[in-house]
Peer 1: 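Sharing a structure, written as structure tokens. Questions coming.
Here is the naming used below: chain letters follow the sequence lines, and residue numbers restart at 1 for every chain.
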Amino acid sequence: MKIKFIPIDYDYFDWNERNFIKIVGRDENNKRVCLIDEYTASFWAILKDDVSDKKIEDIRKKIEKIKADSSLRNSSVVRTELHNKKFLGKNVKAIKIFITNYKDGHAIADQIDFDEIEKRREYDINLITKYIIEKKVKPLMWYEVEGEIFDKFGSYDADICLKIERMKEIQEKEFFPKIMAYDIETDKFEIGRGKIVMISLVAKNFKKVLTWKKCPHNLDFVECYKDEAEMLEAFVDYIQKENIDVLAGYFSDNFDLPYLRARAEKNGIKLSIGLDGSQPKLSKGNAISARIDGIVHIDLFKFIKTNYSQYLQSETLSLNEVASELIGEKKLEWKHKHSSKIEKDEWIKYFEYNLQDSVLVYKLMEKSWPDIMEFSKIIREPLFNVSRESMSVHVENYIIHNLEKFDEIAEKRPLNDEILKRRMLGKYEGAFVFQPQPGLYEDIAFFDFTSMYSSVIVTYNLSLSTFLEKKEINSTEVFLSENHKVYFAKEKGFFPVMLEEIIKKRKQYKKEYKENQNAILKARSNAFKLLANASYGYLGFFGARYYCREAAASTAALARKSILETIEKIKKKGYKVIYSDTDSIAFLVNKTQKKIIEMLKELNSELPGIMELDLEGFYKRGIWVSKRTTTEGAKKKYALIDEDGKIKVRGFETVRRDWCRLAKKVQNEIISLILKNGNEKKALEYFNEIVKKVNKKEIENDDLIIKTQLKKEISSYAASIPHVVVAKRMLEAGLPVRIGTLIEYIVVEDKQKNMKRGKPGLVRERAELPDRVAQGEYDVEYYLNNQLIPAVENIFEVFNVDVKSLKDGKTQKKISEF
DNA sequence: GACTTGGAGGTACC
DNA sequence: ACTGGTACCTCCAAGTC
């Protein structure tokens, strides 16, 4: 039988003690297809140099006799092959060892401890990953498949199952999966402790809320069931009936699916939503992931966190904020309460609220699909994994999937003691940041290096496999510090070569996207950008297979050297450099813009390798301020206005979430007024008005909330700082507080009159939960001295205006003098 | 007891 | 633990006089 097929989900199972791969996907008519493939797991034993051929044959014979029997199954080596391979760039002879069952790879590898064996590798690589590499059955690519009907499964919910005989990659139209979004509402927050009150399901032309609560209304999307158990059964039915590829939730790995499983168990029913009739499988450990056989369960929260969060403005990654920013739609209003306390007519609101959550998840999933799909195609890992994995894992998987071209055997994942050792090493010297001079500057140009760290890695060939223990002829020498030099080979290593390709592809797809703006090209270009950006971090990441501290430190060192040299050149051309951070240089434009572009060309012609300097932009004006404690300029804090009047703020309180909105809004407005007008006059008037308002207690509570995230367990905080004290109080009040919760508080006047000689008591004693604070109850002194003034003081200082004394009556006269 | 200092903690920049 | 280092700033608590 011959069909067209696109792989969506991968899994493996044991049959007669051997491993079989099961791929679920679609055919050209969108029929659900499952493919079965026999696959023999393997790993490598790398031989030491100079082992004689005869000895190698002896060892192979010995290896072929190895068994690893357990109560679970009898495992053994199937056969061996001898190959000429590379390991970390060096030629090696290696024995490829095929085994009956992947799960016993470790047990068998442990028995290969002959003196002639240098290393054993790749027994720590996922079976699916190895399968995709070797058999080239890549996720979300179309294939023409020949195979025979496979009916050895009792019943599998697919239109057809084939055992693969031949496969060929083909070109076909882009695939779009059938997505369903879901969300549950429960009586208690803790997993399984309360009942599930309702479940919403949203797919294309499909909107439902399932509930077992009485239905005193006529909402057509609500379906009522006798009890929780019946509702859960209906949920299972819909998942089975609707023929979906992707089930998407938000925080659903940690909440919705575990909750559903727990409640199903309590009700004595099976949550058999897998195509094989199995229940969702929850992984053990801290980072729970919930898998459904044949259906890709995606927890969008995880994908958004690793892939979008750095580009989002949202203060938190709550569904409400993320949806609002990405799709311009919000959750409905609903104040959570136990179902027993919900009034009759409130239920409609509750159902609508629940439905809207799934609508948001559905739309977010549609929007994220190109990104998830492109990552899956580029990295060649299944959607389930790609949607959950961190950037370092993405980089690593990309490497592993591309080693074949280099004949490389993969390095092993570091074990715990190795990780510990790496972490003990501490930090190495990083980027250069220019010491700015506080002031308001006119006409500024910004240059920046494109993907600077990646370009450095490629240009200087930095990586684990090119790192040399000692100086060799024709090697690159890098000064890390005065008495620490390291060396790298000139011969190209696979890591820099791969990175160069990533950078090239990023450029290519960026260009293609500009010519043909569609979501997929954008996603493709973006995926390569993210991979390139994470590569340097990967080199210095303690958990990386290809960790190389020297390479990471050298990357930073060479980037420093490069930027400092460029700064010098720009200075020599007669420009005043005012700022620089890592890969960017700001300088004053005292000549025509044409001259600047000419200089840029010249600078580029002198740069080595793929290093490239780019014009980031011209700005009409910019402000740099001093640090709060000293008079020297603050780094990483500045604001710019471009020729179109667009303002860019970096580092100021305005862009920090741990400052109250009042301080942020006022600072932002002051920055804007100053940059637009070129002086502080209007800004001072504005500030004066605000101070009056604060004094008159006219500021809304919402503008006074200070938000700080709880980053660890409450008990492990050394000092009792305001947000931790408030968090404790929230816990006592039965509010959900855990690591990651954004704690909100308002500082109120000292009720206990703890004032000591006119000075207020500790902030934590005055930090109050926002809904316990009445309008106008806030502490004027705190918000003036600890929020407003610190936020604007250094800005006005640039104009020699002392704002500290503004709140006193006298100084107001002083302002009128301006 | 008032003031200084340093560390913990959080969040930004690139 | 889940990419890296650099930097700012607040609040508290210990240290100093």
Peer 1: How many Å lie between CH2 on Trp624(A) and P on dC13(B), as a whole number?
Peer 2: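 The distance from CH2 of Trp624(A) to P of dC13(B) comes to 14 Å, rounded to the nearest Å.
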Peer 1: Rounded to the nearest Å, what distance is computed from the CD atom of residue Glu315(A) to the P atom of nucleotide dA12(B)?
Peer 2: 9 Å
Peer 1: Rounded to the nearest angstrom, tell me the gap between atom CZ in Phe301(A) and atom P in dC2(C).
Peer 2: 14 Å
Peer 1: Below 4.5 Å, heavy atoms only, C-beta onward: do Leu88(A) and Thr466(A) meet side chain to side chain?
Peer 2: no
Peer 1: Would you say Lys569(A) has more than 12 foreign heavy atoms packed within less than 6.0 Å of its NZ?
Peer 2: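 Buried by this count: over 12 neighbours within 6.0 Å.
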Peer 1: Side chain of Lys635(A): nearest nucleotide among dA8(B), dA7(C), dC12(C)?
Peer 2: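 Taking heavy atoms from C-beta onward, the closest nucleotide is dA7(C).
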Peer 1: Report yes if at least one side-chain N or O of Asn786(A) is closer than 4.0 Å to OP1 or OP2 of dT10(C); otherwise report no.
Peer 2: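 No.
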Peer 1: Testing the 3.5 Å rule here: is there a donor-acceptor pair between the side chains of Thr129(A) and Glu381(A)?
Peer 2: yes
Peer 1: Within the structure, does a side-chain N or O atom of Arg628(A) lie under 4.0 Å from either OP1 or OP2 of dT10(C)?
Peer 2: yes
Peer 1: Taking only side-chain nitrogens and oxygens of His394(A), does any of them come within less than 4.0 Å of OP1 or OP2 of dT3(C)?
Peer 2: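 For dT3(C), neither OP1 nor OP2 has a side-chain N or O of His394(A) closer than 4.0 Å.
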Peer 1: Tell me if the side-chain of Arg656(A) makes a donor-acceptor pair with the base of dT11(B), cut-off 3.5 Å, by modelled atom types.
Peer 2: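 Such a pair is found, so the answer is yes.
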Peer 1: CZ of Phe301(A) to OG1 of Thr306(A): how many Å apart, nearest 0.5 Å?
Peer 2: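 Atom-to-atom, Phe301(A):CZ and Thr306(A):OG1 are 10.0 Å apart.
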Peer 1: Where the side chain of Phe541(A) is defined as all heavy atoms beyond and including C-beta, which of dA7(C), dT3(C), dA13(C) is the nearest nucleotide?
Peer 2: dT3(C)
Peer 1: Report the nucleotide, chosen from dG9(B), dT10(C), dC12(C), that has the shortest atom-to-atom distance to any side-chain atom of His723(A).
Peer 2: dG9(B)
Peer 1: Checking all strands, does Phe449(A) fall into the base, sugar-phosphate, or nothing category for heavy-atom contacts under 4.0 angstrom?
Peer 2: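 It contacts nothing in the nucleic acid.
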Peer 1: I want to verify a distance call: between dG4(C), dC14(B), dA7(C), whose nearest atom is closest to the Phe542(A) side chain?
Peer 2: dG4(C)
Peer 1: Taking dT3(C) as the reference, what is the distance to dA7(C) when you measure between their P atoms (whole Å, please)?
Peer 2: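 23 Å, rounded to whole Å.
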Peer 1: Within this structure, what is the CG-to-P distance between Asp581(A) and dA7(C), rounded to whole angstrom?
Peer 2: 8 Å
Peer 1: Checking Ser283(A) against Ser289(A): is there a side-chain donor and acceptor pair closer than 3.5 Å?
Peer 2: yes
Peer 1: Counting only side-chain N and O atoms of Lys636(A), is one of them less than 4.0 Å from OP1 or OP2 of dC13(B)?
Peer 2: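 No, no such contact exists.
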Peer 1: Under 4.0 Å, counting only non-hydrogen atoms across every strand here, what does Lys627(A) touch: a base, just sugar-phosphate, or nothing?
Peer 2: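 Result for Lys627(A) = sugar-phosphate.
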Peer 1: Report the distance from atom NZ of Lys648(A) to atom C1' of dC14(B), rounded to the nearest whole Å.
Peer 2: 12 Å
Peer 1: Please give, in whole Å, the distance from dT10(C) C1' to Lys637(A) NZ?
Peer 2: 12 Å
Peer 1: Under 4.0 Å between a side-chain N/O of Ser392(A) and OP1 or OP2 of dT3(C), yes or no?
Peer 2: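 Result: yes.
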Peer 1: I want to check one thing: is the phosphate of dG9(B), taken as OP1 and OP2, less than 4.0 Å away from some side-chain N or O of Lys712(A)?
Peer 2: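 Checking Lys712(A) against dG9(B): at least one side-chain N or O falls below 4.0 Å of OP1 or OP2.
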Peer 1: Is any side-chain nitrogen or oxygen of Tyr547(A) closer than 4.0 Å to OP1 or OP2 of dC2(C)?
Peer 2: no
Peer 1: For dA12(B), does either OP1 or OP2 sit under 4.0 Å from a side-chain N or O belonging to Arg650(A)?
Peer 2: no
Peer 1: Between atom OH in Tyr717(A) and atom C1' in dA8(B), what is the gap in whole Å?
Peer 2: 10 Å
Peer 1: Does a side-chain N or O from Tyr579(A) land closer than 4.0 Å to OP1 or OP2 of dA7(C), or not?
Peer 2: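 So the side-chain polar atoms of Tyr579(A) never come under 4.0 Å of the phosphate oxygens OP1 or OP2 of dA7(C).
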Peer 1: For Arg764(A) and dC12(C), what is the distance between atoms CZ and C1' respectively, to the nearest whole Å?
Peer 2: 7 Å
